[in-house]
Number of protein chains: 2
Amino acid sequence: MKMAELSTVSAVAVATIKFYLRERLLPAGERTSPNQADYTEQHVRRLRLIRGLLDVGGLSVAEAHRVLDALDSEQPLQQIFGVAQAAVSEHIDPASVPASALARVDSVTDGWLVSPDNPGRLAAAQVIASLEAIGHLSARGWVERYAAAALLIAEADLDEIDAIPDREGKAETVVVGTVLGDALFSGLRRTAQEHVSALRYQPGSAAHHHPSLAESP
Amino acid sequence: MKMAELSTVSAVAVATIKFYLRERLLPAGERTSPNQADYTEQHVRRLRLIRGLLDVGGLSVAEAHRVLDALDSEQPLQQIFGVAQAAVSEHIDPASVPASALARVDSVTDGWLVSPDNPGRLAAAQVIASLEAIGHLSARGWVERYAAAALLIAEADLDEIDAIPDREGKAETVVVGTVLGDALFSGLRRTAQEHVSALRYQPGSAAHHHPSLAESP
DNA sequence: GCTATCGGATAGTTACACTATCCACATGAA
DNA sequence: TTCATGTGGATAGTGTAACTATCCGATAGC
């Protein structure tokens, strides 16, 4: 297929596809003449993956590039995990994170097999530090319950990866799960917040959501 | 205190503070003369909150403005919850979300008291749609386990809010918890992923993390 | 032959979050 | 009392990121 078709089938503007080619997010098509190229179904798939990483996962083009490079390489799964994690985490200067916040994270994840420079550990500590600065660091087990839920999610993620037979599928699941999993959980969390909040503050409400019926707010 | 002191004590540049004043994120100081003003400890607190929302929570200035406006108003808690949720969710055109993805979200959250236009519901459906397009939508209960964990987190969030006595404190907890909670969970999730992954693929590893000891990667 | 489309290169646009400069006036130590 | 330093407010400039538009000479297919 030529670029015009790739553009219509993927709903991405031609100029944008050219931009992705330039940035090496999308591999070049097979040249059929000095100024013609042929694109395949693989390009359509890759384009969808790119849009997922950028639009839904919120990655920058540079981060998506790193993640896709790892995916294309023959690296072991653990390495790909690391790259995907680094991509979704902003780079935090370890020196900028107060030791007290790191200590809090470490106490909450006591017994976990985690290297000290895990990007999530630093990110969590930065949040703790910010909560502390604003005076909203809970002493009632809020953070501990977050850690317990994070453990459940990590088990689900690893089970999902284990269930995939081929290495390439595993690798893509690692990337997609890591990047889009955050967004999925955030959405479900907000949904659950409304539910729990309705249960507690409007008990006995008949506002049950029935998706099969047309409703208005 | 004057602006120079506000700047040093909060580690925010004077020009940036002026920018926040201009954008009405930070209330003006009390004028003591035509071109002098006095700032208080409240301004320091607010500045820390702003930096938390922008840097750690990843809000834009416009979103932070909306959230802070809600916080300053006398709105009921439920409304503030809604504003905070809308701020962390990108605005999704409901028409752009495939019905099949929405149906999947609704089936996973079956029995939950949620209005159809909950921003989290749309956001979750968008992720599902993206997973579907890439061909990575799990049929093995991955999404269901995310929903179960989200419910646990929502319970923790509401317990936390319930534990705060005053209305103003509750409101700030709602905002801070909603915005920074996502970031905290993401960080802990990545930490848990490394832990579970190490448990499964390097069983018996002696690489236990002991935060009290100096370690190198 | 002729016109639409192609790839590739280059330059322009938009949005955002600051950041810098100017100005007339105020403050406070020398 | 002087005067360097600091002030609020207005305005304009900067840097980055992600596109988007235009131009070009070269096919493609009728």
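Lettering of chains follows the sequences in order, A, B, ..., and the numbering in each one begins at 1.
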Query raised in the report: With a 3.5 Å cut-off and no angle check, do the side chains of B:S10 and B:R48 form a donor-acceptor pair?
Result: no
Requested in this report: Decide whether A:T40 and A:Q42 meet the rule of one side-chain donor and one side-chain acceptor closer than 3.5 Å.
Outcome: no
**Report entry** A:T16 side chain near D:dT20 phosphate (N/O to OP1/OP2, under 4.0 Å)
**Finding:** yes
Query raised in the report: Listed in order of residue number, which residues of residues 40-65 of chain B have a non-hydrogen atom at under 4.0 Å from DNA chain D?
Result: none
Query raised in the report: Going by atom types alone, do B:E160 and B:T173 pair a side-chain donor with an acceptor below 3.5 Å?
Result: no
Report task. Report the residues that fulfil side chain to side chain contact (heavy atoms under 4.5 Å, CB included) with B:P76, sequence neighbours left out, ordered by chain and then residue number. Result -> B:Q79
Report task. Tell me, please, which residues at least two apart from A:S33 pass side chain to side chain donor-acceptor pair (under 3.5 Å). Result -> none
Query raised in the report: What residues, two or more places apart in sequence or in another chain, satisfy salt bridge (charged side-chain N to carboxylate O under 4.0 Å, His left out) together with B:R66?
Result: none
Query - All salt bridge (charged side-chain N to carboxylate O under 4.0 Å, His left out) counterparts of B:R22, not counting sequence neighbours - result: none
Query raised in the report: Sequence neighbours excluded, which residues qualify as ring pair (Phe, Tyr, Trp, His ring centres under 6.0 Å) partners of A:H195?
Result: B:W112
Report summary line: Within residues 19-29 of chain A, those residues having any heavy atom closer than 4.0 Å to DNA chain D are A:F19, A:Y20, A:R22
All N/O pairs under 3.5 Å across the protein-nucleotides 1-6 of chain D interface:
none

Report summary line: Those residues at least two apart in sequence (or on a different chain) that pass salt bridge (charged side-chain N to carboxylate O under 4.0 Å, His left out) with B:D55 are B:R51
Query raised in the report: Who pairs with B:D72 by salt bridge (charged side-chain N to carboxylate O under 4.0 Å, His left out), at least two apart in sequence or on another chain?
Result: B:R46
Query - B:K2/B:D38 ion pair, N-O < 4.0 Å - result: no
Report task. Would you mind classifying the nucleic acid contact of B:A15 as base, sugar-phosphate or nothing, using non-hydrogen atoms under 4.0 angstrom? Result -> base
Requested in this report: Return each pair, listed once, that meets salt bridge (charged side-chain N to carboxylate O under 4.0 Å, His left out) where at least one residue sits in residues 142-154 of chain A; pairs must be two or more places apart or across chains.
Outcome: A:R104-A:E144, A:R145-B:D159
Query raised in the report: What are the 5'-most and 3'-most nucleotides of DNA chain C lying under 4.0 Å from any heavy atom of chain A?
Result: C:dC6 to C:dT10
Query raised in the report: If you measure from the Lys or Arg side-chain nitrogens to the Asp or Glu carboxylate oxygens, is any gap between A:D106 and A:R121 under 4.0 Å?
Result: yes
